[in-house]
Amino acid sequence: MRIATWNVNSMKARLQTVLQVLTDINADVVCLQELKCETDAFPYLEIEELGWNCAVHGQKSYNGVALLSKFPLQDVTREMSTLKDDQARYIEATVLTDKPVRVGGLYLPNGNPAPGPKYDYKLEWVAALEDHARSLLKAEEPFVLCGDYNAIPAPEDCWDDTVWNTDALGLPETRAAWRQLKHLGLTDAFEVCDGRAHQYTFWDYQGGAFQKDHGIRIDHILACPRMTDRLTAIEIYRKARAMDKPSDHVPMIAIFED
DNA sequence: ATGTCATCGTAACGATGA
């Protein structure tokens with residue numbers, strides 16, 4: 001079972017790229033972020049034609065998340081139990097295989113400029129995610145939480161920490177919140193399956209960042225203990241960043257034993 | 001001297017978010 005996460009930075013502007021990448025990565029489940037379209041404007045027909053079931057939580061202009069699955073999706077929820085949010089940043093559903101798994105797709109707030117109200121919202125959001133993860137653990141159904149966390153876990157997860165450790169994505173308080181989430185008993189799939197320094201999932205459009213490999217690792221897959229037992233490998237599909245009309249993020253794929 | 005992109009409101013860009 002291959003579970004992927006990818007911030008597409010607009011479904012409308014990126015549709016052809018998205019269709020190509022979906023074929024390339026051969027995942028069973030894909031969490032998408034930054035759709036930048038309303039739920040009804042999602043290109044259901046084109047995606048379904050490739051064999052996906054879709055669950056979408058969109059909004060106008062900003063944010064927006066979706067779950068794509070080759071298997072049926074059941075019990076879709078579009079908010080965390082712990083946060084009343086007017087921004088479309090969360091979606092969760094059960095993927096019905098012979099070993100059902102609850103998949104949460106999330107788009108954590110960017111939080112810049114920090115400090116300020118946007119950073120406060122980010123911290124509030126990650127605290128709500130922690131509470132929600134706690135309730136998922138209590139429910140004892142296997143789950144993964146995938147998405148754009150807008151968090152650089154450690155200095156070696158960016159190209160130059162002196163640039164990022166004062167940014168909302170790399171501030172000590174952001175990293176502490178990330179660790180606190182993990183310490184509930186969740187596993188960063190990249191950390192245990194690869195763990196190398198300077199492996200990135202995002203490169204800014206500006207200043208030739210990709211060519212210089214000036215990236216950051218901010219897209220993550222967190223697994224509960226039972227899913228961690230099945231975890232075998234992690235992949236970062238870097239090629240997506242070199243395509244025509246690329247997103248600034250690339251897909252990350254976690255592979256679980258069937 | 002040296003590569004940003006997408007969206008919206010409004011009518012060819014400026015403002016905004018990332």
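Lettering follows sequence order; numbering is per chain, from 1. Worth saying up front: this structure is predicted, and the values here are computed from it rather than measured.
- Residue Arg241(A) contributes atom CZ, which lies 9 Å from atom C1' of dT4(B) at whole-angstrom precision.
- Going from the C1' atom of dA15(B) to that of dA11(B) covers 15 Å, rounded to whole Å.
- Comparing the P positions of dA12(B) and dG17(B) gives a spacing of 24 Å, expressed to the nearest Å.
- Cluster partners of Met227(A), by chain and number: Met1(A), Ile3(A), Val29(A), Val65(A), Leu67(A), Phe71(A), Leu73(A), Val76(A), Ile91(A), Val95(A), Val101(A), Val103(A), Tyr107(A), Val144(A), Val192(A), Leu231(A), Phe256(A). The rule joins Ile, Leu, Val, Met, Phe, Trp and Tyr whenever side-chain heavy atoms lie under 4.5 Å apart.
- An OP1 or OP2 oxygen of dA6(B) is reached within less than 4.0 angstrom by a side-chain nitrogen or oxygen of Arg14(A).
- Relative to the six-membered ring of Trp159(A), Lys212(A) misses at least one condition, a distance below 6.0 Å or an angle of at most 45° to the axis.
- Positionally, the nearest nucleotide of DNA chain B for Pro246(A) lies more toward the 5' end than for the other of Pro246(A) and Lys60(A).
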Carefully, step by step, assess Asp157(A) and Trp164(A) under the rule side-chain hydrogen bond (donor to acceptor under 3.5 Å, both in side chains). CA-CA 10 Å; Asp157(A) 297 312; Trp164(A) 289 101; over 6 Å; no

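- Across dA1(B) and dT7(B), the matching C1' atoms stand 30 Å from one another, rounded to whole Å.
- Rounded to an integer number of Å, the gap from Lys12(A) NZ to dC8(B) C1' is 12 Å.
- As rounded to the nearest Å, dT10(B) and dC5(B) have P atoms that lie 26 Å from one another.
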After noting the C-alpha distance and the side-chain angles of Glu140(A) and Arg226(A), does the key distance pass the salt bridge (charged side-chain N to carboxylate O under 4.0 Å, His left out) rule? CA-CA 9 Å; Glu140(A) 294 189 346; Arg226(A) 284 166 69 188; over 6 Å; no

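- A donor-acceptor contact closer than 3.5 angstrom links the side chains of Trp125(A) and Asp85(A).
- The interatomic distance linking Leu35(A) (CG) with dT7(B) (C1') rounds to 14 Å, in whole Å.
- For the residue pair Asn9(A) and Lys36(A), a side-chain donor N or O sits within less than 3.5 Å of a side-chain acceptor on the partner.
- Nucleotides dG3(B) and dC8(B) place their C1' atoms 25 Å apart, quoted to the nearest Å.
- In this structure, CD of Gln211(A) is placed 12 Å from C1' of dT4(B), rounded to the nearest angstrom.
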I'd like a list of close polar pairs between nucleotides 13-18 of chain B and the protein, N/O only, cut-off under 3.5 Å.
from    : atom 1 : to        : atom 2 : distance (Å)
dG17(B) : O5'    : Lys118(A) : NZ     : 3.4

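- Glu92(A) and Tyr90(A) share a donor-acceptor pair across their side chains, judged by distance under 3.5 Å alone.
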